[in-house]
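Report on the following structure.
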Amino acid sequence: MFEYAPAPESVRPQIKEHYGLFIGGEFVDAEHVFKSINPSTEEVLFTVAEASEADVARAVAAARKAQETVWGPMSGTERGKYLFRIARLLQEKAREFAVAESMDNGKPIKETRDFDVPTAAQHFFYHAGWADKLAYAGLGADPKPLGVVGQVIPWNFPLLMLAWKIAPALACGNTVVLKPAETTPLTALMFAELCQEADLPPGVVNILTGAGTTGSALVDSAVDKVAFTGSTAVGRAIAKAVAGSKKKVTLELGGKAANIVFDDAPIDQAVEGIVNGIFFNQGHVCCAGSRLLVQESVAEEVLARLKERVSLLRVGDPLDKNTDVGAINSAEQLERITALTEAGRGEGAEVWQPACDLPENGFWFRPTVFTGVQQSMRIAQEEIFGPVLSVLTFRTPDEAIAKANNTPYGLSAGVWTEKGSKILWAAERLRAGVVWANTFNQFDAASPFGGLKESGYGREGGRQGLEAYLDV
Amino acid sequence: MGSILSGAEAASLVRALPGVDAVGLEARAAGLSTRSVKTTSKAWAIDLAISMIDLTTLEGADTPGKVRSLAAKALRPDGDAPSTAAVCVYPSMVAVAKEALAGSGVLVASVATGFPAGQVPLDVRLADTESAVRAGADEIDMVINRGAFLAGDLERVFHEIKAVKAAAGDARLKVILETGELATYDDVRRASWLAMYAGADFIKTSTGKVGVNATLPVTLLMMQAVRDYRALTGVQVGVKPAGGIRNTKDAIKYLVTVNETLGDDWLRNEWFRFGASSLLNDLLMQRQKLKTGHYSGPDYVTVD
């Protein structure tokens, strides 16, 4: 037996005991505090201030002042220099950020090290390049910033979602007030420290920690635009709150993506894509390939190989470099995954899980594959946001498209076939913001990302993503 | 085991194999390369890798003295390190190697069939094989007729492998696909299956004599082929990457790939080999480093 000895990451970031709110370039305290825990051990990592409505108003005022006096008037070239500096600092501190993200979120170090942090840095590099070229983005001769942007981000990719939000906003000349998720504020606060180190003018970036009430106070505050990534329910509430105001809004919400495997697919690679599609980041991915639609003629073979492959996934200590699947982010999320999985069993789907030991403490869920899933079941309709795959079969290409589109969501989809014409045929018919062909969960700063239907509106990344932060 | 298929049947089965997605295959290989193998696992993997080496010399300048020196190194690489699996030489050196290794468990492998190009008439390739076996070779490393393969004459390649298999008798047959010349992953998959249908005991990537030799994605693809072949036929076939694997880190990546593609059944030198020469000394230096805690150097392992 080739057993891999524990390979723990040795770098330990300097995590402070307590973090304040980052307003106007300084950390300030607040009346209330809350704890942030490590979901893989349930140990308290640090305490953090909870921003009140008054704190939100102060942060927005600081952002307003910075936008009007410093950041807005600054030339694009100069703004670009700051963004390049931030990107380089992120690269320099990559290992520290990767470990911190893993500890605060529960995701494996392999992913934070090889995906989250490098991709976040790439977003800053990419948008740094745009800062002095906005006139060439096809959005008018001299596009202007919106002003102050309120941004609320989720817990599944804390640093990366921060980068997706802050990099384009700053490149376009806006200033930001950003609220990270209450369970994962650490890397946003470390990013605030990094902004200090980069000598970013005070007030350009403000970070307010807190829960839902802080978020809604931010949405209701005197910002010019709200950008949100998270659940469809909260997205709907935000859309209502800003309706009738001058505030612009972009929303990136839930998904229930179909990953379609045709009978002429490269099977071994499709299996890799299915695994990456649903078990990457414990399935805490809005564009996760949570519904596998596989052609009946190859279903048996695909499932046999899939189970073999899933059995190899190493679930456990997120800081072990060989861990493939880490901890579920919170007790609340674990409860939701468990409840939906029970619903799947109750509705008659067949459940399969690999035999693997789970750590005693922390929040854990075994990779799960449901077969015999019908379109009418909850596990085929509702977003589980966990390592749970629902497998459905289809007989003809038309049926695959019909089933794939039969969801209120429309964020992403995957198509697996060796035939180029079939890829194009399917991509034309799939109602999803992103369609991946013979791959899944690929992201690039130059490629716009966003949804249709209840998955939200607006795009992030690429030339198209700039439109969300410019007055055009 | 002899093949029960006709050449036409084998050729049509091979032509019907599904394609390989190059991006996905390379991504999987890259993913496997990130496994971190440390401390006790590393020590275990190093010894396993040493025991899987076909210690090779294939030069025009090979002499009996050079081959004896290599055989001595294969038998006792360093202190309590395990012996290598085999030494691999040209047919003219088989008798020398056989004598030097007599009574040990270390096997003698001989390249044959007009190695490395294989561009000689079939009767010469068969005679080459027979003479190596007569001289005592335990294993024959043959090359396939890439010209015929690329020209689409799969039946001819199939029959030639079958003929060499017959000429090799009891010696185990390793079939070198020369993947660097086949160039595409689709053709590597087809050649792997064709060789197995024709009775290969091992499929091997390369001669080590062309620009591109063993790569991890190619070897992963060949591992998937032997895995699927056993599932279909019940027959287990070995895999041998050769050429270009020079250090411990790379060797461990291959072993991780065996572990997570084929599992325990292939993690023995009966079913997995490294065709290499300079790899052994790097493994020995890493072995010394693990034992003593400080870095070794080239003068602390023997030249061969």
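Each chain gets a letter, A, B and so on, in the order the sequences are listed, and its residues count up from 1.
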Heavy-atom proximity to chain B below 4.5 Å, by part of A/Asp268: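 Side chain of A/Asp268 only, per the 4.5 Å heavy-atom cut-off to chain B.
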With a 4.5 angstrom heavy-atom cut-off, is it the side chain or the backbone of [X] that approaches chain A, or both, or neither?
X	answer
B/Ser36	both
B/Val20	both
B/Arg227	side chain
B/Leu255	both
B/Leu25	both
B/Glu260	both
B/Val256	both

Determine the option with the most heavy-atom pairs under 4.5 angstrom with chain B, choosing from [options].
options	answer
A/Asn276, A/Asp114, A/Asp264, A/Asn438	A/Asn438
A/Glu308, A/Arg305, A/Arg314	A/Arg305
A/Lys321, A/Glu3, A/Lys110, A/Arg309	A/Arg309

Heavy atoms of other groups near B/Arg246 CZ, more than 12 under 6.0 Å: no
Over 12 foreign heavy atoms within 6.0 Å of CD, A/Glu301: yes
Interatomic distance, A/Leu312 atom CG to B/Thr261 atom OG1 [nearest 0.5 angstrom]: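 Result: 8.0 Å between the selected atoms.
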Distance-minimising heavy-atom pair for A/Phe2 and B/Asp264: N-OD1, 4.2 Å
Heavy-atom pair of closest approach, residues A/Ala7 and B/Lys38: CB-CG, 4.3 Å
A/Gln269 side chain vs B/Asp21 backbone, donor-acceptor pair below 3.5 Å: yes
